[in-house]
Each structure stands twice: as structure tokens, then as C-alpha cells.
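First up is the structure itself, then whatever we jot down about it.
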There are 2 protein chains.
Amino acid sequence: MTRKSQDANGSTIRDVAARAGVSASTVSRVLGGDYPVSTATRTRVLRAVRELDYVADARAKAVAGVGTPTLAFVLEDITGPSFALMAHGVEREATRLGHLCLVCSTEGDVQRELDFIETMRAQRTAAVILVGGTADTPEYRERTRRIADSLASAGSRLVLCGRPPLGPGAPVTVIEYDNEGGAYALVAHVLAQGHQRVLFLGGKPDHATAQGRERGYLAAHRARGLDPDPELLLHGDFTRDSGHRLMRLALSKELEFTAVVAATDMVAAGALTALHEAGLDVPGDVSLAGYDDIPFARDLYPALTTVHVPYEELGRLAVRTALGRTAESPDEHLLLGTHVVVRDSIAAVTS
Amino acid sequence: MTRKSQDANGSTIRDVAARAGVSASTVSRVLGGDYPVSTATRTRVLRAVRELDYVADARAKAVAGVGTPTLAFVLEDITGPSFALMAHGVEREATRLGHLCLVCSTEGDVQRELDFIETMRAQRTAAVILVGGTADTPEYRERTRRIADSLASAGSRLVLCGRPPLGPGAPVTVIEYDNEGGAYALVAHVLAQGHQRVLFLGGKPDHATAQGRERGYLAAHRARGLDPDPELLLHGDFTRDSGHRLMRLALSKELEFTAVVAATDMVAAGALTALHEAGLDVPGDVSLAGYDDIPFARDLYPALTTVHVPYEELGRLAVRTALGRTAESPDEHLLLGTHVVVRDSIAAVTS
DNA sequence: CTGAAAGCGCTAACAC
DNA sequence: GTGTTAGCGCTTTCAG
């Protein structure tokens, strides 16, 4: 074969041009849209396009400066309900704004996260959205800031979603929601029902999100003049299994408590099952609350009282503000509100 | 400014070359890996790269024939637990195989699905994985077949995941799991517990997956010489709300049944809540089963008996077989097995 | 070992 | 209106 044509690599604009008996530019023009082309040629070109089943190579267009913009979404695991919700928001808004959407799961591996970001920089994505909490260490800030600069100098943009901000001056967009405030409100509600000893099933001790929620728990107690028993503060991670394990642990240690608030709904789900397995009634014997308001929360039994986080909107906002950035406009920092949604898993203490 | 250099568009290979005092080809070579380059120049180039924070433009590389391969994952809504599981499998395997992963949510819109696929063809993705059931109409087969051909002639590949196959000769890879078999086994198990009237909360009447599960339900009855009351066959969709609504409907119509099997775990979740709201005990008053074995199934109360579908593996397999395709090798059609997982939501009838 | 030149597929001046 | 000529940023012969 002399030249590439109908083979497995798809046809090029030149193939179309040849078949229609015109130049490549003409093809480009009729496909490009608004440009004066005679009806006759236009028809011929269009026919050739159809016959060859031609679509312009998006990568080549990109190099030529007219590519489909793309944005990247980097998270730990798409399987988590709140991550999925955010991903959904991101994806919806991205396609609404005409962007393609790359996803990358890091599985919690920092190195992989770094690699992904570098790859995205190579892809010249319009923005990379980094999702999910981590430890807020100096090392984290420095590393992330370097990434932000790198991305910015390449005309891209870093968005931090539910991640610790980097301090002033970093070219990032950060969108957070109020972990401490939400936890405060929730725990205040629990305390208002008369509970005095409420077990807290927390996340990793150095995880920023976990810390925020824990602070809220503590603050709500103090506001009532209470000083929570340190024994009631358990640490694990944000998974269902962690909740299950921690709850069993608390039960086996015969810790005293009348209510438990879990750092996430997933944790709460695991805890709830552990409670059921132990033959305890919720909220009869012990009250329970979660955090996140994932869709499943209302189908737990009893329906879970929790705090609502607008995850999907978070995702939408992330892309909207990221894409709305001009080189001159100031970096944004949004703090979304949360609110507790009262369902059936908290009861007033009667005794 | 005369030439682009350090500006917001990132530096090019020529900038690096200039700074290192070599030609672009040399830069390309040291970055490219195995090619003889003197240690001295290599060092200079590498330093320039570092100083400029340079990364080669992946799109340009792609045009030049050495791009990062990419694959696309098209689904209805990443928010559904089983979709998320598949997406996770796809993403993991894709990155394991060095591919980038594009996601597209169609929101159930056929036109959007078509548009996405066209876009993916333009992106020259190595494969596009289409996920989730639909109606198996002639129109569907024809349309999809056209897509498959189109993709194939462009050197790409269509993968159907949990979707009706297209008949012989179509250049597609299809990976399914046994809906009918799984439902059969599940319903047989329910029947074996002595239930005679089991309500079926189905999906859309023309949805292939829903039909498969319904067939299994019917077949299991017939195998026992039973002829299920048509009144017991309700149709909705695969959402939690559908389950909730249908269950309330069944209750209000005072349909007679001692067990209910839902077409999906989501449907079961909604149904369960409706049952609880009606003050009924599960499985004391009525038994319940689902389908899919989503992670949450075990945290429902009672823990849901359901049929396990290896979604994550499905995703992994999809990319593995799609990418393992050579132009000559035969098209694959995999049928994955399922199995029922017995938990606590089904009780034997005692009366 | 390294540079010049051609080419990937497409678009965008610049002519006629 | 339409063809020709340059690029876009990178890789890869082809010469030295």
C-alpha cells in the first residue's frame, strides 16, 4: 500500500479532500462551520465525509489550537458515595461547559497522585480537580503549592475540593465545606436530646476533614460546659469496616455511652450493623448519627440522622469556578454550608 | 513579545533546546529514553528541563504517533453503586495498562450517548466501553452496530458491558453476566423457603437486564410447577425511589404475598424502607431479596439476601479484553457467573 | 553523538 | 470561493 487511506487508522482530512476533489483547507472550512463555501462543494465534501465516515482527529486539532478542552478529576476511589456524587457534579458541569472529563483513582497513593497530575499537565488539561481530604502537613502544603505553580505556569489550574487550603498567594481555587460547623450543629442536637456520653467514631488523627469534624464534636460539648471523656474518642478511617470494627471494640470494652456519632455515614453504616449484631436497638438502646448524607442514609434502619453536604454542587462549583478563572482574577476560596438533617436514629434520653 | 516562551502557555521543546544550547531533536532524545546521548549534553538538557519545568505536550506526541493511549467509559450515572464499581474496575485496569480514562455520563440520553461516542472517535480512544442495559430493539442493534463498525474502522473498539449483544459479525466485545440464571437461583431459594406468592419489583418492561431477571423469576416458578400471579409482577425502574413507590403501591392495593424480590438492591432498599414505614417486620412479616450485591446490601437491616454480580471484575475484564484485541483475533463474548449470597432478609414460612 | 529536515493531521493567514 | 503555504509541538529518518 502506498499511502494510508481506508485502513484501520481512519481517514485523514486529505483523504476526504482527494475524494471530494478539493483541497484540505476547503474540507476544514466546510467542517469548521461559518465560512463562505459554495453550496456545490460543500455538498461534495459532506458526501465524501459521510462515505469515508470521517471525523477530524481531536488531538491534531488541539495541537493546531482548537482542541476540545479537557479537565481532570483526581480522587481516591470513585466507589465512595460522596466521591461519586462529586464526580457526577464535575462531570455534568464539565460536559455542560463543553469539556471532556478525565478521571484518575489514586487509591490513596500520594506518588500516584503526583504522577497523574504530571500526566494531566502534559495533556494540557484546563484544570485538575483534586478531591478528598488528607493530612495538612507542611510537606503537603509545599508539595501541593509546587504543583499549583507548575499547573498555573502551564495555563492550567489546580482546584482543591474538600482539601486543606495552601495559604495565601498560591494559584489555586479551593472549595471546602464546613466540617467543624456541621459537626458542631449535629453534636449540639444530640446533646440537646439529653445525651451526656456520646461516642465519637473518628477518622485518621491527622486527616484534615476528620479533625474538623472532631473539633466540632469537642466544641459542641464545651459550649454546653461538658468535657467529653477522652475514652469516647475512637480513631479509624472513613470506611464502613472501620465503623464496624470500632463499634465492636467499643462494645467489647464496655464503654459507657448512650449515643454515637460517626465521622461519616459509611462509618455509621458499619457501626449500625455492629449494633444490630450485638442485639442492640437503635435508637432505643443507643442513638446514632452520621455525616455526609449520602443517598443511602435514609434507607438505613432507622433512617440516619446526619449532616448534609452538598457534594454534587461542590463538584459543579469546582469546575465552574476553575473554568471561570482568568489569569488576572483573584483566587477563590469557597466555604459551603452544611445542615443537619434529622431522621430517626437519635432519640431523647428518657431515664 | 516576539516568541512564546515562559508565558502562560508553558514552554516548548524548542525553549528547552535553546536554553540547553542543543537542537530540539536532542532534547527529544534525552527525554525519549534509550538513545545514545553524551552524558554532558544529557545533563545540560535535563537541567534546562527542570529549570523550565517542562513537560512534553501529550497531544503533540499523539499526533506524532507516540501518545498516551486513552479509553472511554460511557455510562448513565456514575452515582449508581454498581456503575461506580464497574468504573472503578475499568479505571484501575486502564491505568495498570498505561491508559488514561475518560468518563461520560449520558444521564440516560441516547443522543448524548451518540455524541459522546463520536467525540471519543475523534479523540482516537483505544476503546469505548458502553455500560448499562437498555431496550434490546432492532433499532438499538442497528445503531450500535453502526457505531461498532465506525469505531473498528478507526482502529478503535467498542465494548458492551451488561448490554445486549449485537448478533454475529459485529466488531464488538461483549461482557455480560447471567441475569436470568442469577434470578432463577435466587427465586428458587425463596420458593424453597416455602413462599408461594412472591412479589416481583421489576424494571422497565423493555429493558434487557430487567427482562432477564424477570425471566429468571418466572422460570424458577415454573420449575416448581408454580404459575405466578400476574398481579404480583410490578414494573418501574432500577432506582431506590421506584422500589419505594412500588412497595407502597403493593401495600395499598393489599396484594397478597409473603416475600418480595426486587430487581436491584437499590429497588430493594426503597422497598425495605416502605415496608418499615408500614410497620412491617422483615423478614418476620415479609421476606425480601435484591440483586447486585452492592456494598451497602449488608448494612441494610436486615442484611439483604441478594445475588452477587462481579461488577468490578466486569470492568477490569472489559478493558483487558478490549485492549488485548488484535485486528485479526475473534470478537469475544464473555458471560460471567453470579451467585446468590444468603443473608438475613429471607425467612422460611412457618404457617 | 547531534543537527537539519520531513512529517503527523489539522487550521489559519495569505494569495488569486 | 478556493488553493497554497505556514505553522502547532513533537518525533524520526537521514546525514554528518
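Below, read A as the first sequence line, B as the second, and so on, with proteins coming before strands; counting in each chain starts at 1. All figures in this text were calculated on a predicted structure; none of them were measured in a lab.
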- Ignoring backbone atoms, test whether A:Thr41 places a side-chain nitrogen or oxygen under 4.0 Å from the OP1 or OP2 oxygen of D:dT2. yes

- Query: If you measure from the Lys or Arg side-chain nitrogens to the Asp or Glu carboxylate oxygens, is any gap between B:Arg121 and B:Glu118 under 4.0 Å?
  - Reply: yes

- Task: Compare the minimum distances between each of C:dG3, D:dG9, C:dG9 and the side chain of B:Thr12, then state the nucleotide with the smallest one.
- Result: D:dG9

- Carboxylate-amine/guanidinium proximity below 4.0 Å for A:Asp136 and A:Arg163: no

- Residue met sooner reading DNA chain C from 5', once A:Ala24 and A:Tyr35 are mapped to nucleotides: A:Ala24

- Residue pair A:Val22 / A:Val45, side-chain heavy-atom distance below 4.5 Å: yes

- Rounded to whole Å, CZ of A:Arg42 lies from P of D:dG1 at a distance of 11 Å

- Inspect the contact between B:Glu142 and B:Arg145 and indicate whether a charged nitrogen and a carboxylate oxygen are less than 4.0 angstrom apart. no

- Item | For atom CD of A:Gln123 and atom P of D:dG9, their distance in whole Å | 16 Å

- Message: Counting distance alone, no hydrogens or angles: does the base of C:dA12 have a donor or acceptor under 3.5 Å from a partner atom on the side chain of A:Ser28?
- Response: no

- Message: Any base atoms under 4.0 Å from A:Val27, or only sugar-phosphate, or nothing? Heavy atoms, all strands.
- Response: nothing

- Note on the structure: Closest to the 5' end of DNA chain D, once B:Arg29 and B:Val63 are matched to their nearest nucleotides, is B:Val63

- How close or far is atom C1' of D:dG3 from atom CZ of A:Arg14, stated in whole angstroms? 14 Å

- Task: Looking only at side-chain atoms of B:Ser23, point me to the closest of D:dT2, D:dC8, C:dG3.
- Result: C:dG3

- Message: Please report the end-to-end axis angle for the helix from C:dC1-D:dG16 to C:dC16-D:dG1, five pairs per end, rounded to 10 degrees.
- Response: 40°

- Can you figure out which of D:dT4, D:dC10, C:dC10 approaches the side chain of A:Ala56 most closely? C:dC10

- Message: Under 4.0 Å from OP1 or OP2 of C:dT11: is there any side-chain N or O of A:Lys61 that close?
- Response: yes

- Is there side-chain contact between B:His88 and A:Ser105, with heavy atoms separated by less than 4.5 Å? yes

- Task: Starting from P on D:dC10, measure out to CG on B:Asp15 and report it in whole angstrom.
- Result: 9 Å

- Identify whether any heavy atom of A:Ser25 sits under 4.0 Å from a base atom; if not, whether one sits that close to sugar-phosphate; answer base, sugar-phosphate or nothing. base

- Query: Going by heavy atoms in the side chains, are A:Val90 and A:Phe73 under 4.5 Å from each other?
  - Reply: yes

- In whole angstroms, how far is the C1' atom of D:dG7 from the CD1 atom of B:Ile13? 16 Å

- Task: Identify the heavy atoms of B:His99 and B:Leu97 that sit nearest to each other, and give their distance.
- Result: CD2-O, 3.0 Å

- A:Val66 side chain: which of C:dA12, D:dC10, C:dG9 is closest? C:dA12

